[in-house]
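One structure is given below, encoded as structure tokens.
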There are 2 protein chains.
Amino acid sequence: MGLETIDRIRAFNRYYVRAIGLLENTVVKSGYTLTEAHIINEVNATPNTTATEINKKLKLDEGYLSRVIKKLISNSLLTKSRSATDKRAYVINLTEKGRTEYQKLDSRSTELVASNISNLDSKETVELANLMDRIQFLLEKNTSLEKDIIS
Amino acid sequence: MGLETIDRIRAFNRYYVRAIGLLENTVVKSGYTLTEAHIINEVNATPNTTATEINKKLKLDEGYLSRVIKKLISNSLLTKSRSATDKRAYVINLTEKGRTEYQKLDSRSTELVASNISNLDSKETVELANLMDRIQFLLEKNTSLEKDIIS
DNA sequence: ATTAATACTTGACAAAAGCAAGTAATTAAT
DNA sequence: ATTAATTACTTGCTTTTGTCAAGTATTAAT
């Protein structure tokens with residue numbers, strides 16, 4: 001297959017890095033940092049989670065995560081209460097406001113994607129999603145678990 | 001096609017953001033920040049460029065860019081000299097060391113991609129590159145120029 | 001019981017990035 | 001032609017983001 005195939009993959013990665021960078025800016029304009037948005041997403045996806053659980057996905061510095069959570073609590077998006085089963089840990093949940101904000105971020109994100117593919121007809125849109133699924137499938141073949149990187 | 005198609009696209013974006021985040025960490029371990037690496041790439045791609053030209057691609061804060069370039073100059077990777085044709089601007093180039101470092105970053109990146117797809121056979125690897133090309137083609141359909149975002 | 005590991009916090013600090021004001025050179029406007 | 005506006009870049013100041021290390025409390029391991 002040759003080196004030029006890898007170069008094509010790298011070209012895509014550069015392209016997508018840039019595209020995603022623009023996304024990130026847009027998320028930030030929503031008033032939350034990307035990290036905050038990720039945390040909100042995580043807590044939404046798995047209620048009654050803990051900082052350690054969140055960090056298995058986000059892999060931030062523990063101290064930093066602790067502070068960001070603190071900030072989200074002081075902004076009334078999250079609640080934290082000592083776990084009954086493990087008093088070292090704190091159970092984290094979204095507040096009502098937190099759920100509302102999650103919904104906003106979520107629909108905002110959907111709108112953005114929709115607008116970014118607005119020139120595609122529905123056939124092409126489905127094709128795009130299929131291509132993406134296939135890429136993810138191929139890339140995940142390489143990494144049985146968790147350690148997947150692409151560069 | 002329905003909302004679930006957009007959700008699939010968003011799922012891929014999340015997946016890829018994470019994958020690219022891991023890439024970034026790896027680049028950083030090379031001793032340069034991602035921003036520095038991008039600048040080095042740009043100067044390599046277009047010699048005799050200027051800060052403004054670089055920033056058309058990278059879209060950083062001007063002041064920040066100015067400082068990063070300064071740092072790269074003090075590390076002997078770049079040179080800067082007043083443009084003869086426009087004395088406001090500075091012509092930027094790689095030094096010999098800069099070229100060497102570019103080559104290192106470049107081959108490192110190729111190696112990383114290769115290792116991340118090492119489980120694919122050559123047929124699948126070509127398929128992957130084709131899928132990526134097609135995605136890029138579809139996404140670029142949406143934006144005649146420069147303003148492409150995907151989220 | 002003692003030691004080690006886990007969950008989290010806090011203080012101090014460093015790096016990355018953004019904002020705003022400024023200089024000098026060039027281009028556009030009248 | 002002179003003034004005004006724009007462009008290219010720099011610098012000081014601040015904020016945001018992230019790291020490191022030390023510490024507390026709790027739980028698990030031996």
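Being a predicted model, the structure only gives us computed values, none of them experimental. Every chain is numbered from 1 and lettered A, B, ... according to where its sequence line falls, protein lines coming before strand lines.
- Within residues 46-55 of chain B, no residue places a heavy atom under 4.0 Å from DNA chain C.
- For the side-chain contact (heavy atoms from CB on, under 4.5 Å) test, residues two or more places apart in sequence or in another chain that qualify with E127(A) are L131(A), R134(B), L138(B).
- One interatomic measurement links the two molecules: OH of Y90(B) to C1' of dT7(D), which rounds to 13 Å at whole-angstrom precision.
- Rounding to whole angstrom units, NZ of residue K80(B) and P of dC9(D) are separated by 8 Å.
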Give every pair of a protein N or O atom and an N or O atom of nucleotides 21-25 of chain D that lie under 3.5 Å apart, one pair per line with the distance.
none

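- The separation between L60(B) atom CG and dC19(C) atom P is 13 Å, rounded to whole Å.
- Residue H38(A) contributes atom NE2, which lies 15 Å from atom C1' of dT17(D) at whole-angstrom precision.
- Note that OG1 of T35(B) and CD1 of I69(B) are 11.5 Å apart. Values are rounded to the nearest 0.5 Å.
- Within the structure, every side-chain polar atom (N or O) of K71(A) is placed at least 4.0 Å from both OP1 and OP2 of dT16(D).
- We find that CD1 of I39(B) is positioned 12 Å from C1' of dA16(C), with the value rounded to whole Å.
- In this structure K57(A) satisfies the side-chain contact (heavy atoms from CB on, under 4.5 Å) test together with E42(A), sequence neighbours excluded.
- Ion pairing between R108(B) and E111(B) fails under the 4.0 Å rule for side-chain N and carboxylate O.
- Here dA15(C) presents its P atom at 15 Å from CG of L72(B), a figure rounded to the nearest Å.
- Every side chain to side chain donor-acceptor pair (under 3.5 Å) that E124(A) has, sequence neighbours left out, goes to K141(B).
- Out of dC9(D), dT11(D), dA25(C), the shortest distance to the side chain of D86(B) is found at dA25(C).
- For R88(A), the side chain to side chain donor-acceptor pair (under 3.5 Å) partners are D86(A), not counting sequence neighbours.
- Under the side-chain contact (heavy atoms from CB on, under 4.5 Å) criterion, R14(B) pairs with R10(B), A11(B), sequence neighbours left out.
- In terms of the side-chain contact (heavy atoms from CB on, under 4.5 Å) criterion, residue partners of K71(A) (sequence neighbours excluded) are, by chain and number, E36(A), N75(A).
- Contact check, S83(A) against dA7(C): no side-chain N or O comes under 4.0 Å of OP1 or OP2.
- Relative ring orientation between F12(B) and F12(A) is described as tilted, the plane-to-plane angle lying within the 30° to 60° band.
- Comparing A84(A) and Y64(A) against DNA chain D, the residue whose closest nucleotide sits nearer the 5' end is Y64(A).
- Residue I73(B) contributes atom CD1, which lies 12 Å from atom C1' of dC9(D) at whole-angstrom precision.
- Contacts of Y102(B) classified as ring pair (Phe, Tyr, Trp, His ring centres under 6.0 Å), with partners at least two apart in sequence or in another chain: none.
- The phosphate of dT11(D) has OP1 or OP2 within less than 4.0 Å of a side-chain N or O from K70(B).
- Taking the side chain to side chain donor-acceptor pair (under 3.5 Å) definition, one finds that T85(B) meets it with S83(B), sequence neighbours left out.
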When the side chains of residues 89-96 of chain B are checked against the rest of the protein, which donor-acceptor pairs come out under 3.5 Å, sequence neighbours left out?
| from | atom 1 | to | atom 2 | distance (Å) |
| --- | --- | --- | --- | --- |
| Y90(B) | OH | R82(B) | NH1 | 3.3 |
| N93(B) | OD1 | N48(B) | N | 2.9 |
| N93(B) | ND2 | N48(B) | OD1 | 2.8 |
| T95(B) | OG1 | S76(B) | O | 2.6 |
| T95(B) | OG1 | L77(B) | O | 3.2 |
| T95(B) | OG1 | K97(B) | N | 3.3 |
| T95(B) | OG1 | G98(B) | N | 2.9 |
| E96(B) | OE1 | R99(B) | NH2 | 3.1 |

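- When the C1' atoms of four end pairs are superposed on the next four at each end of the helix from dA1(C)-dT30(D) to dT30(C)-dA1(D), using five pairs per end, the two resulting axes differ in direction by 30°, to 10°.
- Rounded to whole Å, atom C1' of dG18(D) lies 15 Å from atom CD1 of I69(A).
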